[in-house]
Amino acid sequence: QVQLVESGGGLVQPGGSLRLSCAVSGFRFGSYAMGWFRQAPGKEREFVAAIDWRGTNTLYAVSVKGRFTISRDNAKNTVYLQMNSVKPEDTAVYCCAAAARTDYYLPRRTSEYNYWGQGTRVTVSS
């Protein structure tokens, strides 16, 4: 059974930090590129970051580049999103997703991902 379980969300003040985790089971994690997406209230889901199957290449949305870092630990079947210098506009439900590919292409579109987690809520507010 495929499972992607996010954790680490919560309430954080502007300028603060948060680390999200996504634990994966039920498929060969090391053969998948991983991504993080977010959906704010009343808005469409948007791409945040992606990392290739080996963890050597990463891609970020312009809105988070320089503040967020995506990483993965293939031994732990887990992908992370380190969020620094957060802003109120980062408030959203954050979901991880898996795309079956073992090349260096980093998918940005939701249609390119095979599996999705349920999400963890992040609220940035003072």
Mind checking the [atom1]-[atom2] spacing from [X] to [Y]? Nearest 0.5 Å is all I need.
X      : Y      : atom1 : atom2 : result
Cys22  : Gln118 : SG    : CD    : 11.0 Å
Phe29  : Trp53  : CZ    : CH2   : 12.5 Å
Phe68  : Asn84  : CZ    : CG    : 8.5 Å
Leu106 : Arg101 : CG    : CZ    : 8.5 Å
Trp36  : Glu46  : CH2   : CD    : 14.5 Å
Ser31  : Arg54  : OG    : CZ    : 12.0 Å

Assigning hydrophobic clusters by single linkage (Ile, Leu, Val, Met, Phe, Trp, Tyr; side-chain heavy-atom cutoff under 4.5 Å), is [X] placed with [Y]?
X      : Y      : result
Val93  : Val122 : no
Leu20  : Val12  : yes
Val79  : Phe47  : no
Tyr104 : Tyr60  : no

Is the closest side-chain heavy-atom distance between [X] and [Y] below 4.5 Å?
X      : Y      : answer
Leu11  : Ser125 : yes
Tyr105 : Glu112 : yes
Arg38  : Ser63  : yes
Trp116 : Tyr113 : yes
Arg19  : Met83  : no
Lys87  : Arg67  : yes
Met34  : Leu4   : yes
Cys95  : Arg45  : yes

>> Using every non-hydrogen atom in the two residues, find where Ala92 and Ala40 come nearest and quote the distance to one decimal.
In response: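 That would be CB-N, 3.8 Å.
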
> How close do Arg28 and Tyr32 get, heavy atom to heavy atom, and via which atoms?
Replying inline: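 Residues Arg28 and Tyr32, closest heavy atoms: O-CD1, 3.1 Å.
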
>> Can a side-chain donor-acceptor contact be found between Tyr94 and Arg121 if the only test is distance below 3.5 angstrom?
In response: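 Absent: no donor and acceptor within the cut-off.
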
> Have Thr78 and Asp73 got a donor and an acceptor in their side chains that come within less than 3.5 Å?
Replying inline: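 The answer is no; no qualifying pair exists.
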
> Is the CD atom of Glu44 crowded by more than 12 outside heavy atoms at less than 6.0 Å?
Replying inline: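 No, the 6.0 Å shell around CD holds no more than 12 heavy atoms from other groups.
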
>> Applying salt bridge (charged side-chain N to carboxylate O under 4.0 Å, His left out), can you list everything that pairs with Asp52, at least two apart in sequence or on another chain?
In response: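 Per chain and number, Asp52 pairs via salt bridge (charged side-chain N to carboxylate O under 4.0 Å, His left out) with no residue.
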
> Are the side chain of Thr120 and the backbone of Gly9 linked by a donor-acceptor contact shorter than 3.5 Å?
Replying inline: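 Yes; at least one donor-acceptor contact below 3.5 Å.
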
>> With a 3.5 Å distance limit and no angle check, can you tell me whether Ser85 reaches the backbone of Gly15 through a side-chain donor-acceptor pair?
In response: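 Checking the backbone N and O of Gly15 against the side chain of Ser85, no donor-acceptor pair under 3.5 Å is found.
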
>> With side-chain contact (heavy atoms from CB on, under 4.5 Å) as the criterion, how do Gln82 and Ser17 come out once you've worked through the C-alpha distance, each side chain's angles and the decisive distance to 0.1 Å?
In response: CA-CA 7 Å; Gln82 178 67 42; Ser17 297; 4.0 Å; yes

>> Applying the side-chain contact (heavy atoms from CB on, under 4.5 Å) criterion to Ile51, which one of Leu81, Ile70, Thr56 satisfies it?
In response: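 Only one of Leu81, Ile70, Thr56 forms a side-chain contact (heavy atoms from CB on, under 4.5 Å) with Ile51, namely Ile70.
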
